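Accompanying notes for the structure given below.
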Amino acid sequence: MVSHATVTPELVTMLRNKAAQLRIDSVRATTEAGSGHPTSCCSAADIVATLFFAVMRYDPKDPKHPNRDRFVLSKGHAAPLLYAAWAEAGLFDKTELLKLRTLTSDLEGHPTPRLPFVDIATGSLGQGLSAGVGMALNAKFLDRADYRTYVLLGDGESVEGAVWEAVELARHYALDNLCAIVDVNRLGQSDPTMLQHDMEGYRLRWAGFGWHALVVDGHDIPALLDAFEEAARTKGKPTVILARTFKGRGISFVEDKPDWHGKALKKGDEANRAIEELTRCLTPGAPEPQIQRPRAAVNGAKPAGAMAPPSYRPTDQVATREAFGSALVALGEVHPSVVVLDADVKNSTYTEKFAKKFPDRFFEHFIAEQNMIGAAAGLAACGKIPFAATFACFLTRAYDFIRMAAIGQANIKLVGTHVGVSIGEDGPSQMGLEDIAMMAAQPGVVVLYPSDAVAMHRLVEAAARHRGVVYLRAGRPKSPVLYGNEEMFQIGGSKVVRQSPSDALTIVAAGVTLFEALKAHDQLKAAGIAVRIIDLYSVAPIDRATLLDSARATQGRVLTVEDHYEHGGIGDAVLNALGSEGIRVHKLAIREIPRSGKPEELIDHFGIGARSIVETAKRIVK
């Protein structure tokens, strides 16, 4: 961090040169690509130049240095500016910038962690500050590291509610190692922003949320240096630098003009004119920056030990949500990188067990599910293994964050409890009935649905071992313990829990419907009909081999039963696995908006209970 005492004319000239060069490189890259957001890059170039070449501590030869200052480009459409900064710092050759947005380059239209200097995927606006909160939480409370986190937001995205969820939480945890910078360039994509250049309006909003709010001219290098120094000195609260800027800064014919958002300058006279103007801003003979390296590496992650096995009795009745809470404690005892995030439901998801045992690794996010997922992604980017839990239905609010976590292949574990009509009296607003479809739609996301306490215990461990997004589905009602404590479960597997050589039908279920299927099995057996029962605890990836073998053994007859809406659930997953083989899949699922009632009443009423399974099985077989 450059102090006020070391701000010299030479330093200011160097930073102005760097800002002009970042603008030139951003224009060249987007013009070559024929698309992009050069005007958004130009407004923030002075901010980024100041950060990269005078403020932040990082190693261009080691962009993943554990104690580096973190930089999150929340306004991800300004990606060419970020790429130009790293090229200017020497990480890669500038010729790579001219491959922007091409199939053969990782310099994509918006940043993703395919690049070693990008921690999280951005581009869906309003998410970067939440990730920054996670990174700052990691430094302050977990690693006890001295790195700082900087998040660059656009003024347009600051309307997003998720931003203010993050603002609230950063104040609550007094994250004085977090600095947000808002590029207030006045112009959105289609219209001016609501506040435009009302800088006092911005200041009052952020200050009202408990942040140290500084208003600066975002093109005034000495003012930016002073603001970043003041932010570093401020203790007990996070800082926001509200930088008044102009979109397209430095290019006279686009600066502060509407209708230039997301438009590249045309090759030829248009681009040449812009580059000539920007080149005139360069001062020959300016010194090169002395990039500040990280002070020291933080302690490396401690290795994880073997998790203690489950210890349930065959006579126990345990809800899988409760088993999840117990498994988290067992996991936490041997895995120091595991952290847990809650959204004010820890006494229902049973994450309170972890909170009591490991309070320093538990972060309450209150009723702000979007920020909880974003912060989890930030913690994962720092090497932690975050488990974020809430009711499955409330994860729908955070779906865009989940989508971006999947794009970024974030190593986060999500747990949705209170799934299906089996939650009972709370009614449809509280019933997670679309969560399997939601999670399985994202590429690379593992979807697990354990049916009993033993399976949940083992799959929590499997989720922690797996690199990437994992979703665990947990039920509210107590259920029998089906498996012995020695039973093992793997991602991509299933369990055939009932079978015989004379099976006439394969019934595939999971969670509460598995126990309904087992009841139906006994009733059908008494009626002279043998059926095979599969516990499909891994919905994605799916155990196609076992499903196919069972389907062939039962004359191509398959019935799925699930406490989930019909579209996109277990039935569709099984159909997708078997349909190419000409196997017909019959589905029992929730086909209408449910209502309040006793769990057993609702299971029967909506056609996913033993009675419906028996009736349907007889119809299929006969």
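What you see is a predicted model; the values in this text were computed from it and never measured.
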Looking only at the aromatic ring of each residue, does the gap between the centers of Y537 and F489 stay below 6.0 angstrom?
yes
Kindly indicate whether the side chain of H564, heavy atoms from C-beta on, has any atom under 4.5 Å from the side chain of R473.
yes
side-chain hydrogen bond (donor to acceptor under 3.5 Å, both in side chains) between Y565 and E592, worked out:
CA-CA 8 Å; Y565 285 136; E592 60 184 287; over 6 Å; no
Is the closest side-chain heavy-atom distance between E157 and K75 below 4.5 Å?
yes
Taking K587 as the fixed residue, which of D572, V561, V574 is the one that meets the side-chain contact (heavy atoms from CB on, under 4.5 Å) rule?
D572
Taking only residues at least two apart or on different chains, which pairs with a member in residues 423-482 satisfy ring-ring contact (aromatic ring centres under 6.0 Å, His included)?
none
Is R321 close enough and on-axis enough to F324, meaning under 6.0 Å and within 45°, for cation-pi?
no
Assess whether side-chain contact (heavy atoms from CB on, under 4.5 Å) is satisfied between F358 and V338, documenting all intermediate values.
CA-CA 10 Å; F358 306 106; V338 168; over 6 Å; no
F354/F387 aromatic ring centres below 6.0 Å
no
Which heavy atom in S596 sits nearest to a heavy atom in D426, and how many Å separate them?
OG-C, 4.0 Å
Decide whether a cation-pi geometry holds between R70 and Y150; the criteria are a distance under 6.0 Å from NZ or CZ to the six-membered ring centre and an angle within 45° of the ring axis.
no
Does a donor on one side chain sit under 3.5 Å from an acceptor on the other, for E168 and Y173?
no
Ignoring hydrogens and geometry, is there a side-chain-to-backbone donor-acceptor pair from W164 to V159 under 3.5 Å?
no
Between R68 and K64, is any pair of side-chain heavy atoms under 4.5 Å apart?
yes
Under 3.5 Å donor-acceptor, T616 side chain and I613 backbone
no
Measure the acute angle between the ring planes of W206 and W211, then classify it against the limits of 30° and 60° as parallel, tilted or perpendicular.
perpendicular
Looking only at heavy atoms, the pair that brings P336 and P303 closest together is CD-O, 4.0 Å
Can you confirm whether I402 sits close enough to M439 that some side-chain heavy atom of one is under 4.5 Å from a side-chain heavy atom of the other?
yes
Tell me if the aromatic rings of F366 and H172 count as close, with their centers under 6.0 Å from one another.
yes
Nearest heavy-atom contact between P428 and I593 is CB-CG2, 4.0 Å
Just to verify, what does K140 make a salt bridge (charged side-chain N to carboxylate O under 4.0 Å, His left out) with, not counting sequence neighbours?
D176
Closest approach of Y483 and V497, non-hydrogen atoms and distance?
OH-CG1, 3.3 Å
Please give me the minimum heavy-atom distance between P111 and L73, naming the atom from each residue.
CG-CD2, 4.2 Å
Can you check whether P541 reaches V446 side chain to side chain, under 4.5 Å on heavy atoms?
yes
Under 3.5 Å, is there a donor-acceptor pair between the S479 and Q317 side chains?
no
Do L395 and I373 come close enough that some side-chain heavy atom pair is under 4.5 Å?
yes
So do D342 and T349 actually touch side chain to side chain, heavy atoms under 4.5 Å?
yes
If we count only N and O atoms by modelled type, under 3.5 Å, do the side chains of T513 and D563 hold a donor and an acceptor together?
no
Donor-acceptor check, side chain of R361 to backbone of G332, threshold 3.5 angstrom: yes or no?
yes
Are V454 and L482 packed together at the side-chain level, in the sense that at least one heavy-atom pair is separated by less than 4.5 angstrom?
no
Show your working on side-chain contact (heavy atoms from CB on, under 4.5 Å) between L524 and D522 and close with a plain yes or no.
CA-CA 5 Å; L524 288 165; D522 295 341; over 6 Å; no
Sequence neighbours excluded, which residues qualify as salt bridge (charged side-chain N to carboxylate O under 4.0 Å, His left out) partners of E487?
K495
With distance as the sole test, does N411 use its side chain to make a donor-acceptor pair with the main-chain N or O of G468 at under 3.5 Å?
yes
On a heavy-atom basis, the closest approach of T149 and A136 is OG1-N, 3.9 Å
Side chain of D316, backbone of R313: donor and acceptor closer than 3.5 Å?
yes
